Number of protein chains: 4
Amino acid sequence: MAKERQAQMTGMISNTDLGKAESHTQAQQARILIAAKACFVESGFHCASVANIAKTAGMSPGLIYRYFENKNAIIFAIIEQQLLESRNKIRALRAADDLGPAVLNYLDSSDGSSDESVGTSLFLEMSAEATRDSEIAEALGRYDNAMRVELADLLNRSASGGDKKPTTPVAPERVLALVCMIEGLMIRKAREPNLDRKALKSAIDIIINSLLN
Amino acid sequence: MAKERQAQMTGMISNTDLGKAESHTQAQQARILIAAKACFVESGFHCASVANIAKTAGMSPGLIYRYFENKNAIIFAIIEQQLLESRNKIRALRAADDLGPAVLNYLDSSDGSSDESVGTSLFLEMSAEATRDSEIAEALGRYDNAMRVELADLLNRSASGGDKKPTTPVAPERVLALVCMIEGLMIRKAREPNLDRKALKSAIDIIINSLLN
Amino acid sequence: MAKERQAQMTGMISNTDLGKAESHTQAQQARILIAAKACFVESGFHCASVANIAKTAGMSPGLIYRYFENKNAIIFAIIEQQLLESRNKIRALRAADDLGPAVLNYLDSSDGSSDESVGTSLFLEMSAEATRDSEIAEALGRYDNAMRVELADLLNRSASGGDKKPTTPVAPERVLALVCMIEGLMIRKAREPNLDRKALKSAIDIIINSLLN
Amino acid sequence: MAKERQAQMTGMISNTDLGKAESHTQAQQARILIAAKACFVESGFHCASVANIAKTAGMSPGLIYRYFENKNAIIFAIIEQQLLESRNKIRALRAADDLGPAVLNYLDSSDGSSDESVGTSLFLEMSAEATRDSEIAEALGRYDNAMRVELADLLNRSASGGDKKPTTPVAPERVLALVCMIEGLMIRKAREPNLDRKALKSAIDIIINSLLN
DNA sequence: CATGAATGAGGATTCATTCAT
DNA sequence: GATGAATGAATCCTCATTCAT
């Protein structure tokens, strides 16, 4: 189909990328969010134009507004989506026997996009935006609190060697240190994409170890 | 002088804030950069308008273009300035006897502005921009390398208890871990400005200790 | 039926409001015109959107175009409808014994809508539009001529005390004065909805009297 | 000058039309208002585009926003201007010995534009808008009250044959009747530009006479 | 007949940049 | 050097209209 081929050649998103969405509305919203994510990564929240998002999504600009009230709503949706994904990835760490490799894996895990730096780029974009928009700041704050609980649990169980009942709850400063390290690593990944993986792994191990004993 | 008083009342930057600059050109550039920094912190690189920067600097929009080729040049200059400041602050850590408090101090140190979050906000802005602009990415990359050397030296001397000649050079992964922690802490400061300082201090100590033995 | 109830709750027009229309097409057109009138009164000809008319009519936007060629055709139809209604109301004045109360009654008479200002609002809208659209101007012109004949007759019979054969035909300037007064009163009603009715009645009487002797 | 000639050929407004304005800002605002008035008369408040106003004013669209906050502000300014002009014209009636010719003159008096129907067209536009915008409604309401006072005074003095001290104040219903007649006449002028002037004059006289005895 | 998704031109508004004074 | 008026391209968003289902 001509349209399909054109979509691929111009970097537009084809239907096959979309996965299964139950309703047409959800499918369209998903399509827009995928396009928006790509545009936001490439240009940032503010320089990405609705027109470009529409083109990337393979639809007309006007149609965007049937599915999102305005551009800001798209930004919010992207942020919520990223936070949700991030939460899920953190939760997935639970299953890990060994915390170090799990964290490394977390950093590597992309969201299905070919470019792994997507997550990091949006993370920076979101964090910067949170310093100006209180609504976004609140969303990130809620996420941060939830993450801390999750990571505390994780540290707890890792510290007790996998036993279900750790003797003492983990100290909050250890959780804080873990959060900082993870986010610091994300920044490094964004700024030095070719970072030596071995060094990365070692750095993680050093800190993880200091947090576990 | 009427203009001077008006500048102060409206939050504009007056000549007396500028310190000593050798030439008029330098003084004007400095004035613009101070204004730009304030605007960028408040609105981000892209939402801050040249008109607003000019108003904050107490000059006409047209004059901006006598001292900077365009808005992008201002962004570059701000970034270079921030990197330079950051470098100086890192170097100042050398004098410290104890690494932990020094790092805490680094996070607190503002650049003379009353608002301490200036540095963090611009750090996010710069990092996000670096993911899109290769020139900026390179500048940050150069800074990153320089910093690593600096921090390696710092760790070296701290590990050897202040002796001038450490027996073994510090491992690169420890430097990496330190960088991640510092930047992770900056992110935390941006996203949770009311973070408990005691926890912050403890988190720093945990990691510093693990890096020094 | 769920849809019916929803229609009532949201102010949409239900089938039961429509009266008897012979064909389905006529019924649909009537439904659209009722909705359009409401929207035009609320937002004016140009700010009322087809989408909103459709929603008010309880139908899809696309369906509008099965019954009217475009939005302009709806405006024309509304205008013709208003002129027809107005003509009928003027004709109804014939039956009146006393011209003064009849005119007052004319101003009050609504078109079945609960809001009496509908007629006035559309009158302004139409008149304004007539200054730009020659087709509308012509329609109003035809109406104006017909009205003058009607009002001349009315004045004639009123002047002659109800006798069927007045001795002299009424002068055109008296008809003109009557038209001006009626329309001037409509404007007043639109701009001062809380106008004192007693003063209104007196004002009408003064002029009517001067026109009858 | 080429620009000047082009302005004339395309119906743009040249500097010479502007009269004396003290500041540049006032001159530009006046230029915009003149253009806006022309556009509003031609297309109505809502269909006139800012782009077209700018073109008519012989300036770029962006410049409009240096002198008016938004399109609505232009509409407000036009309305205030019209009300002011109208007030002045009404006040000028005071000097008249004879009320009838004075009213006729009022209807004829244009605002310097070549097209006499400008006032009427804007009058309809304003009145229609007042039914939807409460701020405009209030402005017109204030004008209406002021006008009534003015017209009451006028009637008073006319009734008393120019004596300074009329024995009895004029009844409000007479003022109301006068207002209706004047505005009714404006509508007629808009809808029937070729109205017979003799009939018009006679109609005015009939009513004026009935109001004065 | 009916739906409502889709289109795309057009409208209001902003803003980096230029230039006459 | 300095001003700020002026430009015009670009942005977000709306809406009349069409058409596949």
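The chains referred to below are lettered A, B, ... by the order of the sequence lines, with proteins before strands, and numbering in each begins at 1. Predicted, not measured: the structure shown is a model, and the values here were computed from it.
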Requested in this report: Please identify each residue that fulfils side chain to side chain donor-acceptor pair (under 3.5 Å) with D:Ser127, with sequence neighbours left out.
Outcome: C:Arg191
Query raised in the report: Below 4.5 Å, heavy atoms only, C-beta onward: do C:Ile64 and C:Ile74 meet side chain to side chain?
Result: yes
Query raised in the report: Taking the side chain as C-beta and beyond, is there a heavy-atom pair between A:Met126 and A:Gln82 under 4.5 Å?
Result: yes
Report task. Can you tell me which residue pairs pass the side chain to side chain donor-acceptor pair (under 3.5 Å) test with a partner in residues 43-54 of chain B, sequence neighbours excluded? Result -> B:His46-B:Glu129
Query - A:Ser60 side chain near E:dT7 phosphate (N/O to OP1/OP2, under 4.0 Å) - result: yes
Report task. Would you mind reading off the distance between C:His46 atom NE2 and E:dG11 atom P, rounded to a whole angstrom? Result -> 13 Å
Report task. On DNA chain F, check which nucleotide each of B:Thr25 and A:Ser49 is closest to and give me the residue with the more 5' one. Result -> B:Thr25
Report summary line: Sequence neighbours excluded, the answer for side chain to side chain contact (heavy atoms under 4.5 Å, CB included) partners of D:Glu135 is D:Phe76, D:Asp133
Report task. Let me know the distance between CZ of C:Arg31 and P of E:dC1, rounded to the nearest Å. Result -> 14 Å
Please enumerate all protein N or O atoms sitting under 3.5 Å from an N or O of nucleotides 17-21 of chain E, with distances to 0.1 Å.
unit_1, atom_1, unit_2, atom_2, d
E:dT17, OP2, B:Tyr65, OH, 3.0
E:dT17, OP2, B:Lys71, N, 2.9

Report task. For E:dA2, take OP1 and OP2 only and decide whether either is under 4.0 Å from a side-chain N or O of C:His24. Result -> yes
Report summary line: Sequence neighbours excluded, the answer for side chain to side chain contact (heavy atoms under 4.5 Å, CB included) partners of C:Ala137 is C:Ala130
Query raised in the report: Under 4.5 Å between any side-chain heavy atoms of C:Phe45 and C:Leu122, yes or no?
Result: yes
Report task. Just jot down the side chain to side chain contact (heavy atoms under 4.5 Å, CB included) partners of A:Gln29, sequence neighbours excluded, or say none. Result -> A:Thr25, A:Tyr67, A:Phe68
Report task. Can you tell me the distance, in whole Å, between the CD1 atom of D:Ile32 and the C1' atom of F:dA6? Result -> 12 Å
Query - Nearest-nucleotide comparison on DNA chain E, the residue closer to the 5′ end among A:Ile64 and D:Ala48 - result: A:Ile64
Report task. Quickly work out the B:Gln28 CD to F:dT3 P distance and round it to whole Å. Result -> 8 Å
Query raised in the report: To the nearest angstrom, how far is A:Phe68 atom CZ from E:dA6 atom P?
Result: 13 Å
Report summary line: C:Ile53 atom CD1 is separated from F:dT14 atom P, nearest whole Å, by 18 Å
Query raised in the report: Between which residue ranges does DNA chain E form stems of three or more consecutive Watson-Crick or G-U wobble pairs, both distances under 3.5 Å?
Result: E:2-21 with F:2-21
Query raised in the report: C:Asn52 CG to F:dC15 P: how many Å, rounded?
Result: 9 Å
**Report entry** D:Met59 and D:Arg31, any side-chain heavy atoms less than 4.5 Å apart
**Finding:** yes
Report summary line: Between CD of A:Gln29 and P of E:dA6 the distance, given in whole Å, is 12 Å
